[in-house]
Amino acid sequence: MADLQRLAIASEQIDRQKVVLTIEQQHYLRRVLRLGVGERFIVMDGEGKWWLAKLTPDIFGKTELTAVLEQEILIQNELSIELTLISALPKGNNFDEVVRQSTELGVTHILPVISSRTLLKPSSQKLRRWEKIASEAAEQSERQVVPKIRETVEYSVALSLFENQNFSTNCHKYICVARNNYPLLLDNLLDNQKLESIIIATGPEGGWTNGEIEAAIASGFQAVSLGKRILRAVTAPLVALSLVAAVLERRKA
Ligand code: SAM
């Protein structure tokens, strides 16, 4: 099974035991993965399910090829909780890497935000591009779930979206702040055994403003440190998510 190629599809593409493949997916299976008719691969619906599938000609002729679902595959590769990354958009195309790597690390939701010092205002095609990157990274890293990426919002809107999620719902909200000697994120994670969901916010190249840090704390976020060194805006989310993943995997084991 491990050597089979994987394809993420939308659950609406499934029609009884078949997958109605898009032209792009047919091209990907035939020309990129070099699969022939009759060969098997893994279909993932991005919402938790995997199937063993066989590439088959479409006898109804709606498309050239279809995928027949032969058998559901039971796996559990997901982290045990919901993990949301709120990330101020970094410069250029750097958010592509944040999406790719945070998907590999197990994030379930990604919310790009525009903060006071964000230098980039994303174009409308960016969301589609990030969704594609998340889908490919989920295939590659054998995730069951493709993270949901939300439309970019202003920082204040992001805080308000999570206002009702707090300690009483076993949700922990962290804002990563460089300097100022805040408690370590790792210590906080190790001290809190009852976590059901975690939200982590990381800032842009120029960092958060004091006002943004205060607003987050007022809305229930804990300011935390990732260590003494100043990490780049693209590195900080990966360090924070790696710490969460490591603590959760260890607890499960
Ligand atoms: N220009 C800011 C400064 O000099 O303080 C640094 C900003 S840093 C490049 C970008 C973001 O990464 C920060 O807003 C913070 O969220 C996160 N970050 C970087 N290093 C961190 C650390 N050691 N602890 C916690 N967060 C960190």
Side-chain angles (χ1 to χ4, degrees), residues 79 81-122 126 130 133-134 137 147 149-150 152-163 165-166 171-192 195 197-248:
L79 295 177
I81 64 163
E82 294 230 314
L83 177 56
T84 300
L85 172 69
I86 301 175
S87 171
L89 284 170
K91 283 188 286 191
N93 283 335
N94 283 340
F95 200 64
D96 291 5
E97 266 322 293
V98 172
V99 170
R100 192 184 329 275
Q101 296 178 357
S102 50
T103 300
E104 290 170 29
L105 291 166
V107 80
T108 53
H109 296 84
I110 301 175
L111 175 58
V113 296
I114 296 175
S115 65
S116 304
R117 295 181 183 151
T118 302
L119 301 170
L120 176 92
K121 303 270 183 284
K126 284 281 182 180
W130 294 329
I133 290 172
I149 306 180
R150 299 174 82 142
T152 304
V153 294
E154 294 288 334
Y155 177 74
S156 56
V157 175
L159 293 187
S160 66
L161 287 175
F162 299 103
E163 217 145 49
Q165 298 191 31
N166 49 43
C171 172
H172 287 225
K173 303 191 282 193
Y174 299 107
I175 180 164
C176 297
V177 182
R179 307 177 203 278
N180 287 358
N181 280 334
Y182 285 109
L184 288 171
L185 172 63
L186 179 61
D187 285 340
N188 221 296
L189 295 169
L190 291 172
D191 287 348
N192 288 296
L195 297 170
S197 66
I198 293 183
I199 297 164
I200 292 190
T202 58
E205 285 83 357
W208 303 114
T209 63
N210 287 339
E212 285 168 339
I213 298 168
E214 282 161 20
I217 293 171
S219 113
F221 282 73
Q222 297 171 72
V224 287
S225 167
L226 299 172
K228 293 277 186 208
R229 290 145 306 280
I230 308 299
L231 307 171
R232 290 172 61 221
V234 288
T235 312
L238 309 178
V239 171
L241 297 176
S242 303
L243 290 171
V244 174
V247 168
L248 292 173

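Counting starts at 1 for both ligands and their atoms, following the listed order.
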**Study point:** atom 10 (C) of ligand 1: nearest protein contact (heavy atom, Å)
**Key:** P204 O, 3.1 Å

Review point. Knowing that exactly one of L185, I86, T202 qualifies, which makes a side chain to side chain contact (heavy atoms under 4.5 Å, CB included) with Y174?
Key: L185

Review point. Relative to the heavy atoms of G227, which atoms of ligand 1 are at a distance of less than 4.0 Å?
Key: 22 (C), 23 (N)

Review point. Who are the ring-ring contact (aromatic ring centres under 6.0 Å, His included) partners of F221, not counting sequence neighbours?
Key: none

Check your understanding: Of the protein's non-hydrogen atoms, which lies at the shortest distance from atom 12 (O) of ligand 1, and what is that distance?
Key -> A236 CB, 3.3 Å

Study note, to complete from the structure: Of V224, L185, L226, T235, the one whose closest heavy atom lies nearest atom 22 (C) of ligand 1 is L226

Check your understanding: Considering only protein heavy atoms, which is closest to atom 21 (C) of ligand 1, and at what distance to one decimal place?
Key -> A178 CB, 3.7 Å

Revision key, fill the gap. Ranked by distance from atom 8 (S) of ligand 1, the top protein heavy atom is L231 O, 3.2 Å

Revision key, fill the gap. At under 4.0 Å between heavy atoms, what of V177 touches ligand 1? The answer is backbone

Review point. Which residue and non-hydrogen atom of the protein lie closest to atom 6 (C) of ligand 1, and at what distance in Å?
Key: I230 CG2, 3.8 Å

Review point. For atom 1 (N) of ligand 1, which protein heavy atom lies nearest, and how many Å away is it?
Key: E205 O, 3.3 Å

Exercise for review: Answer yes or no: does an N/O atom from K228 fall short of 3.5 Å to an N/O atom of ligand 1?
Suggested key: no

**Study point:** Closest protein heavy atom (residue, atom, distance) for atom 5 (O) of ligand 1
**Key:** R179 NE, 2.9 Å

Exercise for review: Could you tell me whether some N/O pair between R229 and ligand 1 is separated by less than 3.5 angstrom?
Suggested key: yes

**Study point:** Nearest non-hydrogen protein atom, atom 14 (O) of ligand 1
**Key:** G203 CA, 3.3 Å

Review point. Do you know which two heavy atoms are closest between A223 and I217, and how far apart they sit?
Key: CB-CD1, 4.2 Å

Revision key, fill the gap. Going by the 4.0 angstrom heavy-atom rule, the piece of C176 near ligand 1 is both

